[in-house]
Amino acid sequence: MEQLLCVSIGYLFGNFQSSYIFVKLFRNEDVRNIGSGNPGTMNTLLFVNKTLGALVLFCDMLKAIIPSIICTIIFSGVNSIDAIALCSFGAFLSHCFPFWLEFRGGKGVAVAVAFALTVDLRIFLVALFVAGIFGLLLKSATYGSYTFAIMLFVCAVDFNHRLVVTLCALFQSISIVVLHIKRSSKTNYKVIE
């Protein structure tokens with residue numbers, strides 16, 4: 001029961017669609033009508049402005065980190081790493097599929113980065129480093145995102161994490177790749193120079 005509550009609390013926090021809210025607040029526009037039409041960090045960064053994009057990235061990461069902290073404090077019956085993974089997973093689900101935006105949200109990379117950061121600093125560092133190298137070499141943020149997604153799962157397995165963490169990482173990895181293919185069919189984001 002506590003595991004389900006962890007996912008639910010994460011899901012509630014994840015529904016804070018920062019890109020949609022901030023672009024509406026500061027520009028009085030719907031981010032879904034700008035650039036790629038994706039309400040996420042990369043679209044805001046590339047097609048709105050870098051400052052707002054940085055704010056969106058920060059908030060998208062916080063919506064996975066804050067519920068993780070809350071759940072590790074209030075649910076003592078759940079292993080703390082499991083609670084963090086489940087909260088981040090819930091935030092990832094609602095970031096990508098928010099009920100109030102007709103289940104069409106972001107692609108989940110920023111939230112998955114927060115998942116890696118909170119679950120295991122080694123996963124965060126290795127996945128981000130490898131993704132950064134691939135993204136720069138191929139001059140494509142999309143391929144960097146694919147690489148991060150794959151490394152998220154590979155590192156969870158390689159560092160012998162608990163089954164809950166590994167399954168959450170696997171789901172996020174597959175989802176990021178699938179959502180990038182589905183939602184980026186028109187746009188291949190170039191690395192900002």
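F148 CZ to C155 SG: the interatomic distance, rounded to the nearest 0.5 Å, is 8.5 Å. Distance check, rounded to the nearest 0.5 Å: CD1 of I9 to SG of C87 gives 6.0 Å. Going from atom CZ of F13 over to atom CD1 of I65 covers 12.0 Å, rounded to the nearest 0.5 Å. Atom CZ of residue F97 and atom CG of residue L179 lie 4.5 Å apart, to the nearest 0.5 angstrom. Distance check: I74 CD1 to L5 CG gives 7.5 Å after rounding to the nearest 0.5 Å. For the atom pair CD1 of I81 and SG of C168, the computed distance is 12.0 Å after rounding to the nearest 0.5 Å.
Across all non-hydrogen atoms, the minimal contact from A169 to A156 is CB-CB, 3.9 Å. Here the closest non-hydrogen pair linking V177 and A149 is CG2-CB, 4.1 Å. M61 approaches A114 most closely through the heavy-atom pair O-CB, 3.4 Å. The minimum heavy-atom distance between A127 and L152, with the atom names listed, is CB-N, 4.3 Å. Among all heavy-atom pairs drawn from V164 and A85, the shortest one is CG1-CB, 4.3 Å.
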>> For I176 and F92: C-alpha separation, side-chain torsions, deciding distance, then whether side chain to side chain contact (heavy atoms under 4.5 Å, CB included) applies.
In response: CA-CA 10 Å; I176 288 169; F92 178 86; 3.9 Å; yes

>> One pair to check against side chain to side chain contact (heavy atoms under 4.5 Å, CB included): I123 and M151. What are the steps and the verdict?
In response: CA-CA 8 Å; I123 295 175; M151 290 305 298; over 6 Å; no

> Could you go step by step and tell me if I70 and I66 meet the side chain to side chain contact (heavy atoms under 4.5 Å, CB included) rule?
Replying inline: CA-CA 6 Å; I70 291 169; I66 291 171; 3.9 Å; yes

> Given V111 and S88, is the side chain to side chain contact (heavy atoms under 4.5 Å, CB included) satisfied, shown in steps?
Replying inline: CA-CA 7 Å; V111 182; S88 296; 5.6 Å; no

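Looking at M42 and V109, their side chains never come closer than 4.5 Å, going by heavy atoms from C-beta outward. D30 places a side-chain heavy atom less than 4.5 Å from the side chain of N33. Residues F89 and F115 are not in side-chain contact: their nearest non-hydrogen atoms beyond the backbone lie 4.5 Å or more apart. A 4.5 Å side-chain heavy-atom check between R104 and P39 finds at least one atom pair inside the cut-off. For the pair V119 and F124, the minimum side-chain heavy-atom distance is 4.5 Å or more. Side-chain contact check for I150 versus V154: some heavy-atom pair is nearer than 4.5 Å.
For CZ of F159, the number of neighbouring non-hydrogen atoms (other residues, nucleotides, ligands) closer than 6.0 Å is greater than 12. For CZ of F134, the number of neighbouring non-hydrogen atoms (other residues, nucleotides, ligands) closer than 6.0 Å is 12 at most.
Side chain of H95 to main chain of A91: no donor-acceptor pair is present (N/O by atom type, distance under 3.5 Å, no hydrogens or angles). Side chain of Q17 to main chain of S94: a donor-acceptor pair is present (N/O by atom type, distance under 3.5 Å, no hydrogens or angles). With N43 contributing its side chain and S36 its backbone, the two residues share a donor-acceptor pair below 3.5 Å.
Taking the side chain to side chain contact (heavy atoms under 4.5 Å, CB included) definition, one finds that T72 meets it with S80, A83, I84, sequence neighbours left out. Partners of E2 by salt bridge (charged side-chain N to carboxylate O under 4.0 Å, His left out), not counting sequence neighbours: none found. D82 pairs by the side-chain hydrogen bond (donor to acceptor under 3.5 Å, both in side chains) definition with R162, not counting sequence neighbours.
When the side chains of ILVMFWY residues are joined at heavy-atom separations under 4.5 Å, either directly or via intervening members, F47 and V31 end up in a single hydrophobic cluster. Grouping the Ile, Leu, Val, Met, Phe, Trp and Tyr side chains by contacts below 4.5 angstrom, directly or via other members, places I174 apart from L167. Both I21 and V48 belong to a common hydrophobic cluster when Ile, Leu, Val, Met, Phe, Trp and Tyr are linked at side-chain heavy-atom distances under 4.5 angstrom. Residues V113 and L121 share a hydrophobic cluster, clusters being chains of Ile/Leu/Val/Met/Phe/Trp/Tyr side chains in contact below 4.5 Å. Both F16 and F103 are assigned to one and the same hydrophobic cluster, defined by single-linkage of ILVMFWY side chains at heavy-atom distances under 4.5 Å.
For the pair E29 and R27, the salt-bridge criterion is met [side-chain N within less than 4.0 Å of a carboxylate O].
S68 and T118 are not linked by any side-chain donor-acceptor pair at a separation below 3.5 angstrom, with hydrogens and angles left out of the test.
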Tabulate below the donor-acceptor pairs under 3.5 Å that side-chain atoms of residues 51-60 make, not counting sequence neighbours, or state none.
from, atom 1, to, atom 2, distance (Å)
D60, OD1, S18, OG, 2.6
D60, OD1, K63, NZ, 3.3
D60, OD2, T41, OG1, 3.2

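Counting only residues at least two apart or in different chains, salt bridge (Lys or Arg N to Asp or Glu O under 4.0 Å) contacts with residues 114-132 comprise D120-R122. Residue pairs meeting the salt bridge (Lys or Arg N to Asp or Glu O under 4.0 Å) criterion with at least one partner in residues 11-25, sequence neighbours excluded, do not occur; the list is empty.
Ring planes of F99 and Y11: parallel class, angle under 30° (limits at 30 and 60°).
Checked against the 6.0 Å centroid criterion, the rings of Y20 and W100 qualify as a close aromatic pair.
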